[in-house]
Structure formats: C-alpha cells, structure tokens
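Predicted model, so just to flag it, every value in this text is computed and none were measured. Proteins come first, then strands; the chains are lettered A, B, ... in the order of their sequence lines, and each starts at number 1.
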There are 2 protein chains.
Amino acid sequence: MSVVPIKKAPEPTIRRLPDYYHYLKWMQSNGREVVSCTHIARDLDLDPTQVRKDLAVTGIRGKPKVGYLVTPLIESIENFLGWNNLTDAFLVGAGSLGTALLGYQGFKQYGLNIVAAFDKDKRKIGKKIHGKEVLPLDKLPGLAERMHILIGVISVPAESAQAAADVMVEGGIRAIWNFAPVSLDLPEDMVVQNENLASSLAVLSRQLAEAVK
Amino acid sequence: MSVVPIKKAPEPTIRRLPDYYHYLKWMQSNGREVVSCTHIARDLDLDPTQVRKDLAVTGIRGKPKVGYLVTPLIESIENFLGWNNLTDAFLVGAGSLGTALLGYQGFKQYGLNIVAAFDKDKRKIGKKIHGKEVLPLDKLPGLAERMHILIGVISVPAESAQAAADVMVEGGIRAIWNFAPVSLDLPEDMVVQNENLASSLAVLSRQLAEAVK
DNA sequence: TTTCAATCGAGAAATATTTATCGATAAGAA
DNA sequence: TTCTTATCGATAAATATTTCTCGATTGAAA
Ligand SMILES: NC(=O)c1ccc[n+]([C@@H]2O[C@H](COP(=O)([O-])OP(=O)(O)OC[C@H]3O[C@@H](n4cnc5c(N)ncnc54)[C@H](O)[C@@H]3O)[C@@H](O)[C@H]2O)c1
Ligand SMILES: NC(=O)c1ccc[n+]([C@@H]2O[C@H](COP(=O)([O-])OP(=O)(O)OC[C@H]3O[C@@H](n4cnc5c(N)ncnc54)[C@H](O)[C@@H]3O)[C@@H](O)[C@H]2O)c1
C-alpha cells in the first residue's frame with residue numbers, strides 16, 4: 001500500500017547496484033542515451049541475465065531491441081537506494097582514516113553528507129578538518145537528536161568502537177557504518193554495515209595464494 | 001598433489017574468517033584456551049553450524065564437548081589465508097586515502113606490508129609518508145620486478161586507476177587491491193579485489209530506507 | 001509490408017550457501 | 001562405572017542466488 005513499493009532485493013544485487021550506477025553515469029557523461037544489459041554485462045564482466053534481474057529490482061523497464069534509457073535508469077537506481085537526496089551524517093574518530101573520509105567528496109554522490117566529526121582528543125576538538133568541525137563526543141547525542149541525524153560513521157580504534165556506537169544510539173542515530181574491525185552489540189532495530197577491509201584482503205590473499213601455488 | 005591442500009572454500013566463508021580471527025585474538029589475549037562454535041556464534045551473531053563449517057575449511061578439528069583450542073585455530077586461519085608471513089606491497093596514489101592506508105599498522109596483522117608509495121605529484125615525490133618513500137610512478141615496474149612485489153594497492157582517482165593497474169601488471173604484480181570506484185580491465189591471471197565503499201553504503205542506505213519507511 | 005536480429009521479461013534449471021538433523025565422542029556428574 | 005550433556009562432524013534439507021531457455025516485442029533492413 002506504500003507509494004514506493006519496497007521490494008526486498010537480494011543483498012548481492014544491492015551491492016552491485018553502485019557499479020551499474022557509476023558505469024551509467026559515465027555513459028551519460030559520454031552522451032549515451034540508451035544502453036542494453038548485453039553491453040553493461042560485457043563492460044562490467046557480468047552475466048547479462050544477472051544485469052537484467054539486478055536492474056529490475058529498482059522497478060525500471062527496458063525496451064526490447066534497444067535496452068534501457070540511461071537517465072531514467074540512473075534515477076531509478078538513485079531512488080531505490082535513497083541516493084536522490086542527501087542524508088546528513090556524523091563521524092566519530094577524526095584520525096587518519098576519519099580525515100580521509102571527511103575529505104572525500106564522492107560520498108555526496110551516494111547521498112551521504114558528513115556534517116561534523118567527533119573525537120576525544122583535546123588537540124583536535126575545535127579544529128576544522130576539510131571544513132568540518134571537530135566536536136567533543138559528549139555533544140553528539142544532543143546534536144544528533146536536534147539535527148535528526150540518522151547515519152553515524154565510526155572510525156575510532158577497535159576498543160572504542162562500542163562506546164562510540166552507544167553514544168550514537170543514545171542520540172537517536174539509526175544506521176551505523178563501522179570501519180573498526182569489531183562487531184558491535186546493538187539494539188535490534190539498528191542498521192549496521194561493517195566495512196571490513198580485512199574481508200577483502202582475506203579474499204585477495206587467498207586468491208593470490210591459489211594463483212601462485 | 002600439493003603439500004598444502006588447496007580446498008576451494010565459499011567466498012562468504014573467506015570473508016567471515018577475519019571476523020573469527022579478530023575474535024579469537026581477543027579471546028587469546030584474555031587468556032582463553034578453548035572456545036566452542038556455540039560461543040563464537042553467540043558473540044558474533046551467527047549460526048553455530050555455519051561457524052563450524054567455516055572453521056572446517058581451514059583444516060582445523062575440534063573436540064566434542066570442549067570445542068577448539070584457540071591458538072592452533074588462530075594459526076590455522078593465518079595459514080589458510082597466508083597471513084602467517086608478511087607479503088610486501090606497493091601503493092599507488094599517496095592522497096588522502098593513500099596516506100591513511102600507508103599509516104595503518106593493522107595491515108601487518110593481515111600479512112600485508114606496504115613498503116613504498118608511488119604518485120605523479122612532483123610535490124609528493126621524494127617525501128616520506130609514515131616512514132614510507134613516495135616515488136615517481138615510472139619507477140614502479142622496475143622496482144616491483146626487482147623486489148618481487150606481488151600485491152599492489154590502488155588509491156588514485158577513478159580516471160587514473162586503469163593506468164595505475166597497467167603499470168602494476170607491467171611490473172609483474174599479481175594481485176591488485178583497488179579502492180577506486182571502477183572495474184579494471186586486466187589479464188585473466190590477475191587477482192583483483194575492488195574495495196567498494198559504495199557497495200556497503202548502498203546496503204546501509206537501503207536498509208535504513210526500509211527501517212524508517 | 002515482411003523478415004530479421006537484438007533484446008527484454010518470466011520462469012525453469014542449476015549452483016551455492018545456509019540451516020537443520022542426527023549419531024558419535026568426550027568431559028564431568030551421579 | 002554409568003549417565004548426562006555439550007559439542008563436533010557429516011549429511012540432508014531448505015533457501016538464496018546465478019545461469020539458462022524461450023516466447024514476445026521492437027526497430028531496422030529487405
Ligand atoms: N587507517 C586505515 O587505513 C584503516 C584501515 C582499515 C581500518 N581502519 C580502522 O579504522 C579505525 C581508525 O583507524 P585510524 O588509522 O584512523 O586510527 P587513528 O588512531 O588515526 O584515529 C583514531 C581517532 O579516534 C579518536 N578516538 C579514540 N578513541 C575515541 C573515543 N572513545 N571517542 C572518540 N574518539 C576517539 C582518536 O583521538 C583518533 O583521532 C580503526 O578501528 C582501524 O582499525 C583504519
Ligand atoms: N578519501 C576517501 O575516503 C575515499 C573513500 C572511498 C574511495 N576513495 C577512492 O580512493 C581514490 C583516492 O581518493 P583520495 O580521496 O585519496 O584522492 P586524492 O585526490 O586525495 O588522492 C589521489 C592521489 O593520486 C595521485 N594521482 C593521481 N593520478 C595519478 C596517476 N596517474 N598516477 C599516480 N598517482 C596519481 C594524486 O597525485 C593524489 O596524490 C579515489 O578513487 C576515490 O574514489 C576515497
């Protein structure tokens with residue numbers, strides 16, 4: 001009965017969507033108006049049927065013999081992922097990685113707008129990093145609530161991650177993007193994504209071991 | 001016929017292995033000597049059977065009623081992932097993200113040792129970042145060959161990523177960890193992992209959209 | 001207008017992955 | 001010693017995901 005039908009899509013599909021999105025943006029900037037699954041699949045090294053199924057979850061429909069219209073397809077993906085309007089976010093841990101994340105312009109494209117950073121280091125508090133203020137952690141809950149912040153990014157050392165998460169929960173944050181290599185203990189209704197660099201590295205290491213064996 | 005039997009393991013399993021690894025290291029540092037799948041599963045919020053199957057791919061065997069010995073289990077995972085000895089790597093793109101990666105001590109734990117960085121920016125070349133030299137890109141192939149570097153990390157802007165990859169291939173590098181949001185066109189026998197932050201963010205965005213709908 | 005080739009969409013088949021079941025084993029209690 | 005319980009390992013069942021097949025549609029060429 002909702003206006004935007006929330007179809008549940010396989011997670012692997014959702015993970016591939018950004019690849020299509022980048023590809024399509026690039027096609028668009030090249031003046032391309034239509035594109036078929038066959039071509040996308042060839043360029044992205046995927047199965048054409050899979051591309052078709054993946055795109056279908058966003059609700060788009062293609063035309064036989066031609067394919068999909070690039071611009072509506074981009075919009076369809078943006079809409080599906082909620083990337084059509086910016087969501088403000090807070091970051092905790094303005095260290096090495098945190099600084100890189102604060103400065104990354106690319107997130108805007110994905111609907112993510114990190115508006116402020118929080119840290120416990122007195123030397124960092126009050127400073128600005130890439131134009132964003134660094135505030136003391138205890139200010140987070142109040143501000144998050146007041147500003148209706150929904151997303152929190154954690155880039156503190158592993159041992160402080162749970163504490164950072166707790167503060168976020170306190171501030172009414174609903175989704176956490178966690179860069180620390182620990183699994184967080186959170187209320188049922190919280191959304192979490194662990195950005196686990198070690199996972200990718202594990203796959204890489206393993207494949208390399210197999211390749212050079 | 002190989003000495004180390006290369007069983008092919010499901011990729012999801014390999015991706016979970018680092019989580020067990022961290023968890024076990026932590027258990028170890030707490031003086032824990034044995035641990036069962038049941039406990040691991042509870043703490044990591046997984047299915048006990050899955051934990052058992054995952055650990056089994058590394059070749060370890062547990063004891064009924066007790067579980068697994070922590071230290072041998074850690075070694076078994078390290079061995080399986082090739083994390084028991086350091087592999088040297090080169091990084092291309094000493095920018096914002098590259099700097100964070102160069103300074104990250106955690107990679108050592110995963111058997112990865114970034115020994116030098118390469119960039120095209122004259123102002124960066126010759127400098128040291130976190131104790132690692134920044135060299136001109138055209139030095140990469142020769143050095144990589146001479147030092148038998150097998151792993152390359154790409155942290156240049158998307159439009160330069162393919163060029164960086166090509167140079168790595170030229171230098172005999174066999175595995176690429178790519179942080180740029182593009183899919184690289186590489187020879188068959190190259191190993192690649194795209195560290196796609198956008199993928200995680202997509203899942204997060206989507207789940208958040210569903211959670212607050 | 002008719003034919004042809006490219007492509008879509010839907011459903012079926014094949015694979016991969018996760019979850020459940022069950023007998024065997026070991027440690028500790030009775 | 002015997003009983004009980006937690007756990008393992010193997011196999012089976014269930015579920016999820018990818019890949020295949022095929023009829024329908026469309027635009028362009030004959
Ligand atoms: N640097 C990388 O390339 C990299 C790569 C993968 C994962 N990570 C993970 O990201 C996290 C951060 O890594 P980093 O290299 O940026 O570390 P870092 O030490 O450079 O930065 C950590 C920051 O968190 C702050 N901090 C510590 N405890 C805090 C607390 N309780 N509340 C608020 N702020 C606190 C510190 O003051 C510091 O500014 C770590 O968990 C690390 O494992 C980093
Ligand atoms: N910063 C982040 O948090 C972040 C997050 C996700 C993904 N990324 C991706 O990582 C990559 C790097 O991001 P960044 O923020 O560090 O960018 P950056 O601009 O800070 O750094 C890029 C570096 O690459 C160098 N470079 C450019 N072209 C080169 C070439 N052809 N050869 C050698 N060096 C070259 C530049 O001199 C610069 O030092 C980008 O592809 C970006 O999309 C970054």
Subject >> Centroid-centroid under 6.0 Å between B/Phe107 and B/Tyr104 rings >> reply: yes
Let me know the distance between [atom1] of [X] and [atom2] of [N], rounded to the nearest Å.
X: B/Ile40; N: D/dA6; atom1: CD1; atom2: P; value: 18 Å
X: B/Gln50; N: D/dT7; atom1: CD; atom2: P; value: 18 Å
X: A/Glu11; N: D/dT18; atom1: CD; atom2: C1'; value: 16 Å
X: A/Ile14; N: D/dT18; atom1: CD1; atom2: P; value: 12 Å
X: B/Asp47; N: D/dC8; atom1: CG; atom2: P; value: 12 Å

Quick tally for nucleotides 7-15 of chain C: nucleotides whose base has a protein heavy atom under 4.0 Å get B, sugar-phosphate-only ones S, the rest -, giving BBBSBB---
Looking just at side-chain N and O atoms, do [X] and [Y] make a donor-acceptor pair shorter than 3.5 Å?
X: A/Arg16; Y: B/Ser199; result: no
X: A/Gln109; Y: A/Trp83; result: no
X: A/Asp166; Y: A/Gln162; result: yes

Rounding to the nearest 10°, end axes of the helix from C/dT1-D/dA30 to C/dA30-D/dT1 built from five pairs each make an angle of 0°
A/Glu33 vs A/Val70 side-chain heavy atoms within contact, under 4.5 Å: no
Problem - Heavy-atom check, side chain of A/Asn178 versus side chain of A/Val153, under 4.5 Å - result: no
If you compare every side-chain N and O of A/Arg15 against the phosphate oxygens of D/dT17 (OP1, OP2), does one of them come in below 4.0 Å?
no
_With rounding to the nearest 0.5 angstrom, report the CG to CG distance, B/Asp54 to B/Asp19._
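Going from CG on B/Asp54 over to CG on B/Asp19, the span is 10.0 Å.
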What one should report as the nearest heavy-atom pair of B/Ser155 and B/Leu91 is OG-CD2, 3.6 Å
